[in-house]
Each structure stands twice: as C-alpha cells, then as structure tokens.
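Because only heavy atoms are used, hydrogens play no part in the values below, and waters and symmetry mates are left out as well, while side chains stay in.
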Amino acid sequence: MKIGFVGLGNVGGKLSGSLLRNGVDLTVHDLNPALVEEFVGRGAKAAESAAQLMRDCDAVITCLPSPAASDAVMQEMLPFVTEGKIWMEMSTTDQEEVQRLGASVIERGGAAVDCPVSGGCHRADTGNIAIFAGCDRATFEQILPTLTLMGRRILHTGDLGTASVLKVVTNYLATAHLLASCEALITCKAAGMDLNTAYEAIRISSGNSFSHETESQVILNGSRDISFTMDLVKKDIGLFQSVADRAGVALDINPVMIDIFNDGIERYGERELSPNIIRRLEDATGLKVLAPGFPAEMTDDEPEEPGYEVVPKGR
C-alpha cells in the first residue's frame, strides 16, 4: 500500500518515521520544506501538495495541529478522492468535524478513519504508542497492518468519530492528572518533603498516573519538556468540553482546568511547554519544584514490538 503523510511535526514526524523504519512506500508533505527534505534523506518521497498525495497514494494520513488545518488540507484532497482511497485522520480533532469531512470522502467512494494516538511523543517515536480507530469493521481490518507499524495497542472504537471522542477523554484525564501532580509536588516542597522521595511515594502508590511517571519527571528536572504546549492542551480540553456540552453533561472540573490554562497562556505564552503550568504555583509560593536525577526529556526504553488489536472486555 502506498501511504501519503501530511504533517511532520512533533507527533506526525515520529509516526511517519515508524512507517519508514518498517519499509512502507511513503510520500510526505509539510509546510516546512526542511522537514520534508529530512524525510527524503531517510528514504521517503516528497509531494508538492496534499492533492498530489491523494491522487498518487492508496491512503493518506493527516496529523495536523487543529481541525481548521485538517479542513484546509481535506479541501485540497477531496477532488482526488476516488473509489478505494482511504483518509486516515490522526490529528486530535472534533468528532463532528471528522464526521463531516469523512462523509465527503465516503460520498466519493473512499473510506474515512479517525485514528488518533495516545501515550506520549516518546512512545510515538518507537512505535509503542496506542492508537484508537473509528470506522467500519471492514476498513479497520484493511488498515490494521499499517496501524500496527505505528503503534503497539490498536483499539477499534466503533464508527467514525468515536476515536476522536475517546482521544479527548484521555487527554482530559491526562491534563487533570498533570494539574493534580503539580499541586501535589508544590505541596510536598512547601511541607519540607524530599522531592525524590515524594516522586517515588506517588509512583508506587494509588496516587500514580501516566502523567506522574512522565511529566512529573521533566518538571523535577526543570526542562518541563514533554514536546507539548499550552495552546494544544487548551485545544484538547476545549474539544472535551464540546463533547460534554453536546451530550448535555454539566462538568465541574474541566471548566476550572480551562481557566487555569487560559491563565497560564496569558502569563507565559501559548507556546510555553504544558508542564510549566506548575510555574503558576511556583510564582505564587516563591518555591522551585526541582530535584536531581530526573531526565530532561522522556525516552521510551521498551523495545519496539509488533502491534496488535486490543479487544475490549466482554467482546
């Protein structure tokens, strides 16, 4: 299968790198020509436009920073969607938007999948990330071999759009855990606790979370570099809020988190690294949450393993 890939940023560059590493016939496109040149040097082909990708490839993957960006790319590609073409949306996006764009693809005889990833950029780099996929079962089985080259655990979530809902649900939870970890660490610091010991106490206990095991480490290092920025957090929890609003669910926690990140963006800028939301607490207390021995960035030390489908309990 010839694969086209649009968007070679923090996540897209790693996912497309996994495809290259596993011998896929890959053609890439990005607004940054330096990124395209890098991938050509690694064995990919370059396309002049997203339209060319859809014309020449069997499937096109998009991994872009916003629903608006995905819409702009799809408008370029739609005239070249024909019978059998597949659009795979790996961006974090809105359920209704991916359903709207996917319907246009399906009307032209193609297939549409929303297949966002979850698990951190460091796992995207090694092919060990999780992937959700929303589409009909026949399409899922067709693309599963490709998904297993980019991720380890692949979950068919149901119809088109379901994967996008679950993706923003998981990002909401990760953000809640990050903010809770920030409050826990600053409180430990203020209470005179050794932060290395505090980190381990949380890690081995019921207080643990994926966010603690990753983001708390780069917080304590001081780099705060998790390859994710405050504007992207704001987008993701905003998408989660939209899901809740459409479902008629009045939330208590998420609106507060949105306010916190709006304040963080106003203070430090929208492109500030997201774990640096702890600076609000550091600035308020005059304390610094730092400890020796933690890495400046996360790396995945698990060996790359073949991906597989995760089957929900009870199925």
Side-chain angles (χ1 to χ4, degrees), residues 1-66 69-70 72-74 76-77 80 85-92 113-133 142-154 214 223 225-229 232 271 273 295-308:
M1 181 182 285
K2 293 183 178 180
I3 304 291
F5 205 108
V6 185
L8 303 175
N10 277 337
V11 177
K14 294 174 174 61
L15 295 172
S16 50
S18 289
L19 293 175
L20 269 183
R21 188 171 62 252
N22 286 284
V24 169
D25 184 347
L26 185 69
T27 307
V28 299
H29 179 65
D30 193 278
L31 294 178
N32 185 341
L35 293 177
V36 174
E37 184 178 348
E38 176 192 342
F39 269 81
V40 169
R42 293 163 60 183
K45 297 186 284 290
E48 294 182 358
S49 66
Q52 181 187 338
L53 286 181
M54 185 59 76
R55 184 193 68 201
D56 295 345
C57 297
D58 302 304
V60 177
I61 297 170
T62 50
C63 192
L64 298 163
S66 69
S70 291
V73 167
M74 180 51 68
E76 288 186 42
M77 297 194 299
F80 298 92
K85 298 279 188 179
I86 304 173
W87 172 48
M88 299 166 62
E89 171 64 293
M90 301 195 80
S91 316
T92 300
V113 188
D114 59 326
C115 44
V117 300
S118 185
C121 284
H122 61 299
R123 288 187 177 172
D125 201 26
T126 58
N128 286 328
I129 202 162
I131 303 177
F132 304 152
Q142 186 178 0
I143 65 168
L144 181 58
T146 299
L147 296 179
T148 60
L149 300 179
M150 293 184 284
R152 182 187 296 185
R153 299 173 182 87
I154 318 299
T214 54
S223 77
D225 186 1
I226 205 70
S227 298
F228 209 69
T229 52
L232 295 177
R271 301 303 293 169
L273 293 163
E297 59 182 15
M298 298 307 301
T299 57
D300 185 12
D301 57 6
E302 295 183 26
E304 184 175 6
E305 294 183 4
Y308 59 90

Under a 4.5 Å cut-off applied to non-hydrogen side-chain atoms, are [X] and [Y] in contact?
X	Y	value
M150	M90	yes
V6	L64	yes
C121	K14	yes
I61	L15	no
V36	L8	yes
T62	M77	yes
V24	L149	yes

Give a yes-or-no answer on whether the side chains of E76 and S49 include a donor-acceptor pair shorter than 3.5 Å.
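No, S49 and E76 have no side-chain donor paired with an acceptor closer than 3.5 Å.
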Report the C-alpha separation of N22 and E304 in whole Å, then their side-chain angles, then the decisive distance to 0.1 Å, and conclude whether the side-chain contact (heavy atoms from CB on, under 4.5 Å) test is met.
CA-CA 11 Å; N22 286 284; E304 184 175 6; 3.5 Å; yes
Separation of [Y] [atom2] from [X] [atom1] (nearest 0.5 Å):
X	Y	atom1	atom2	answer
S18	L147	OG	CG	12.0 Å
C57	L26	SG	CG	8.0 Å
F80	L53	CZ	CG	11.0 Å
I3	I86	CD1	CD1	7.5 Å
H122	I226	NE2	CD1	6.5 Å
R123	T299	CZ	OG1	11.0 Å

Of the non-hydrogen atoms in [X] and [Y], which two are nearest, and what is the gap between them?
X	Y	answer
G13	S16	O-OG, 3.2 Å
A133	V113	CB-CG1, 4.2 Å
V28	A44	CG1-CB, 4.2 Å
A50	V73	CB-CG1, 3.7 Å
L273	S223	CD1-O, 3.7 Å

Taking N128 for its side chain and D300 for its backbone only, find out whether a donor-acceptor pair lies under 3.5 Å.
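Not a single qualifying donor-acceptor pair exists.
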Is there a side-chain contact (heavy atoms from CB on, under 4.5 Å) between H29 and F5 once you walk through the steps?
CA-CA 6 Å; H29 179 65; F5 205 108; over 6 Å; no
Other residues, nucleotides and ligands only: do more than 12 of their heavy atoms fall within 6.0 Å of CD on E302?
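More than 12 heavy atoms, drawn from other residues, nucleotides or ligands, come within 6.0 Å of this atom.
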Trace of the side-chain contact (heavy atoms from CB on, under 4.5 Å) decision for T146 with L19:
CA-CA 8 Å; T146 299; L19 293 175; 4.0 Å; yes
With salt bridge (charged side-chain N to carboxylate O under 4.0 Å, His left out) as the rule and sequence neighbours excluded, what pairs involving residues 22-40 come up?
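The answer is D25-K45, E38-R42.
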Can you name the residues that form a salt bridge (Lys or Arg N to Asp or Glu O under 4.0 Å) with E305, not counting sequence neighbours?
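By the salt bridge (Lys or Arg N to Asp or Glu O under 4.0 Å) rule, E305 matches R152.
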Go through the structure and list residues passing salt bridge (Lys or Arg N to Asp or Glu O under 4.0 Å) with K2, not counting sequence neighbours.
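Counting only residues at least two positions away or on another chain, K2 forms no salt bridge (Lys or Arg N to Asp or Glu O under 4.0 Å).
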